[in-house]
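Every number for a ligand or one of its atoms is a count from 1 in the order of the listing.
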Amino acid sequence: MSFQLPDLPYAHDALVAHGMSAETLEYHHDLHHNAYVTNGNKAIEGTEWADRSLEEIIKGTYDANAVAQNGIFNNISQLWNHNQFWEMMSPGDSKMPGELEKALNDSFGSIDKFKQDFAAAGAGQFGSGWCWLVKKADGSLAVTKTENGVNPVCFNQTALLGCDVWEHSYYIDFRNKRPAYLENFLNNLVNWENVASRM
Ligand code: MN3
């Protein structure tokens, strides 16, 4: 079995009015995400991981004590991360469902405070990585940041929202301004219905 690159759930130019260009999606989905699929398939070929699910491979190859993760983990986790990322953005005007609004207010004090924490996590991730809203095993919500391809699956957490803060995610549209990219992501791009469906 080999993994496939999923189609974007919208056209390449569907997010232009929301601050993400077609050129970004052409590079980010068609080239970067596709490279994780190609290299991930190559890396697992002929290994014990060849017929396992993405989540099984991520959990089985993540090494909490390693200075740098291995090639199987890096490519497969990034494949999974991007599969989620496209679904977490919407070309429409996404309204936050009431249950999610209540959960964020209860956990962070206000929606604004949640957005501040999430943006600070993304801006504060030194080098490549991701920031997340996760649901922990005990049911509580938290904002986290991870380096490179590491993701909530590694920690048995549910990823409710994730933002890619690798430079390839924002350099075409925002150049070096990662905080502006994060602010735009939170205010114009998030598919809040998708976030709520993951709870
Ligand atoms: Mn990326």
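A 4.5 Å side-chain heavy-atom check between Trp132 and Leu161 finds every atom pair outside the cut-off. The shortest side-chain heavy-atom distance between Gln125 and Arg178 falls under the 4.5 Å cut-off.
The N, O or S atom of Asp164 with the smallest distance to the Mn ion (ligand 1) is OD2.
The aromatic ring centres of His168 and His28 sit less than 6.0 Å apart.
With a cut-off of 2.8 Å, the Mn ion (ligand 1) has an N, O or S atom of His168 in range. Distances from the Mn ion (ligand 1) show that His28 has an N/O/S atom below 2.8 Å.
A perpendicular orientation is assigned to the rings of His29 and His12, their planes being inclined by more than 60° (bins at 30° and 60°).
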